[in-house]
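Everything below concerns the one structure shown next.
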Amino acid sequence: MDLKALTYEQQQDFLDNGFLIIRNYYSETEIDKLQKKAFNDDNLYKNAWDKTDASGTISKVSLWQELGNDLYSMFSRGRRLVDAATDLLDEQVLHTTTKIMIKEPFVGGAWEWHQDYGYWATDNYHLYPRLVSCMIAINEATEENGCLEVLKGSHHIGRINHLKAGDQKGADMTFVEEALKHHELVKVELKPGDTLFFHCNLLHKSNQNKSKHPRWAMIAAYCAQSALPFKDNELKVYPLNVVNDDAILNWKETLNA
Ligand SMILES: O=C(O)CCC(=O)C(=O)O
């Protein structure tokens with residue numbers, strides 16, 4: 001029997017709505033470990049890009065593609081996430097990117113309305129919109145600190161043209177404004193360890209962080225075997241060397257740092 005990581009209902013929710021939230025997908029101990037690592041990791045800050053939004057405010061993102069034996073990779077290579085992505089895309093998946101999204105207190109910038117496939121199609125040559133992003137809350141994401149907001153079911157619209165918006169690429173607002181009349185806006189508030197899976201054509205954004213709390217999340221993205229880039233580009237796609245779920249708890253800084 002072909003065992004699935006997700007239930008039929010969870011897969012159906014994703015197909016219908018373009019996203020799926022699983023609460024407590026990671027335990028408190030697992031997320032404490034990730035939080036401690038990320039909050040004290042100077043490399044994340046050193047390697048982070050500053051991305052300005054349309055109004056010039058900065059959000060930080062630290063992104064990489066090759067997975068190793070570091071703690072972050074125990075999540076991205078972990079069976080729990082990889083099997084869920086496989087179920088959602090209904091075929092074998094490969095890793096594209098893992099990134100840590102850092103919205104700092106009071107000043108953290110917005111992410112404009114976009115679809116990830118808005119730029120993955122044109123910049124990275126994925127012919128089909130068969131990619132999924134998995135957003136793990138490292139700390140609490142609330143409306144006040146700029147949680148992700150999604151337009152439920154908007155992945156059914158298909159890819160919308162994307163234009164420059166600050167340092168970002170944003171969806172053509174004429175289409176977004178129309179989409180807002182037809183699709184429910186859902187503010188995805190997450191507790192640490194909750195995980196949001198979202199389709200690459202789902203319209204999403206997040207507002208500036210005006211609160212005194214930071215908002216940190218890790219996003220691992222996977223591409224279906226049938227949607228590998230058809231042309232070389234700056235991003236590569238990597239096969240996954242999957243690890244068991246206990247790899248997170250067994251991971252030790254001294255051996256793998
Ligand atoms: O972290 C955020 O608020 C935005 C993330 C996002 O839009 C993305 O990764 O595509």
Side-chain angles (χ1 to χ4, degrees), residues 18-21 34-35 38 44 48-55 57-65 72 75-76 81 85 88 95-124 126 129 131-152 154-155 159-160 162-171 173 176 179 185-192 194-211 213-223 235:
F19 69 96
L20 168 72
I21 300 167
L34 179 60
Q35 201 179 95
L44 285 182
W49 299 329
D50 285 347
K51 290 279 189 183
T52 53
D53 58 25
S55 70
T57 315
I58 292 171
S59 224
K60 287 186 181 301
V61 50
S62 194
L63 177 149
W64 59 92
Q65 289 207 276
Y72 310 112
F75 286 80
S76 305
L81 218 50
L88 295 174
H95 177 254
T96 61
T97 52
T98 291
K99 53 192 181 180
I100 304 281
M101 313 300 291
I102 305 172
K103 273 200 200 197
E104 297 182 295
F106 304 114
V107 294
W111 291 90
E112 308 297 341
W113 277 114
H114 68 280
Q115 300 162 312
D116 292 341
Y117 193 63
Y119 50 90
W120 283 343
T122 49
D123 297 358
N124 308 121
H126 298 282
L131 300 102
V132 62
S133 293
C134 313
M135 180 181 216
I136 303 167
I138 298 179
N139 75 330
E140 191 172 9
T142 62
E143 189 176 345
E144 290 71 36
N145 70 6
C147 68
L148 209 73
E149 302 189 12
V150 304
L151 274 195
K152 187 173 174 178
S154 58
H155 63 306
R159 183 181 175 278
I160 291 171
H162 278 58
L163 312 160
K164 202 165 158 48
D167 283 342
Q168 305 172 24
K169 280 194 175 159
M173 284 308 291
V176 174
L185 177 71
V186 179
K187 295 176 196 284
V188 184
E189 296 200 310
L190 302 172
K191 299 268 190 233
D194 291 351
T195 301
L196 164 75
F197 299 86
F198 60 100
H199 187 281
C200 61
N201 263 337
L202 188 76
L203 277 166
H204 60 283
K205 69 154 183 173
S206 63
N207 292 335
Q208 292 177 3
N209 182 0
K210 299 241 165 84
S211 78
H213 303 290
R215 200 225 70 190
W216 287 57
M218 174 167 144
I219 303 181
Y222 302 92
C223 165
L235 292 188

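Read the numbers this way: they start at 1 and go in the same order the structure lists the ligands and their atoms.
Between Pro214 and Asn145, the closest heavy-atom pair is O-ND2, 3.2 Å. Scanning both residues, Gly109 and Thr57, for their nearest heavy atoms gives CA-CG2, 3.7 Å.
Counting only heavy atoms of the protein, atom 3 (O) of ligand 1 lies nearest to Ser206 OG, 2.6 Å. Closest to atom 10 (O) of ligand 1 among all protein heavy atoms lies Asp116 OD1, 2.7 Å. For atom 9 (O) of ligand 1, the closest non-hydrogen atom on the protein side is Lys99 NZ, 2.8 Å. In terms of protein heavy-atom proximity, atom 7 (O) of ligand 1 is nearest to His114 CE1, 2.9 Å. Among all protein heavy atoms, the one lying closest to atom 1 (O) of ligand 1 is Arg215 NH2, 2.7 Å. Scanning the protein heavy atoms around atom 6 (C) of ligand 1, the nearest turns out to be His204 NE2, 3.6 Å.
The aromatic rings of His162 and Tyr119 sit perpendicular, their planes meeting at an angle over 60°, well past the 30° parallel limit.
If you number the atoms of ligand 1 from 1 as listed, the ones under 4.0 Å from a heavy atom of Met135 come out as 1 (O). Residue contact check: Ile219 has heavy atoms under 4.0 Å from atoms 5 (C), 9 (O) of ligand 1. For ligand 1 and Met101, the ligand atoms under 4.0 Å from any heavy atom of the residue are 1 (O), 5 (C).
Ion pair Glu112/Lys205 not flagged as a salt bridge, since none of the NZ, NE, NH1 or NH2 atoms sits closer than 4.0 Å to an Asp/Glu carboxylate oxygen.
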Worked check of ring-ring contact (aromatic ring centres under 6.0 Å, His included) between His126 and Tyr117: CA-CA 8 Å; His126 298 282; Tyr117 193 63; 7.4 Å; no
Side chain to side chain contact (heavy atoms under 4.5 Å, CB included) between Ile160 and Leu203, worked out: CA-CA 9 Å; Ile160 291 171; Leu203 277 166; 3.9 Å; yes
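Residue Lys205 places no heavy atom under 4.0 Å from ligand 1.
Each of Val186, Leu148, Val132, Leu151 was evaluated against Phe19; a single residue qualifies, Val186, per the side-chain contact (heavy atoms from CB on, under 4.5 Å) test.
For atom 4 (C) of ligand 1, the candidate residues are Asn145, Leu148, Ile102; the nearest heavy-atom contact is made by Leu148.
Within the model, atoms CD1 of Ile136 and CG of Leu81 stand 5.0 Å from one another, a figure rounded to the nearest 0.5 Å.
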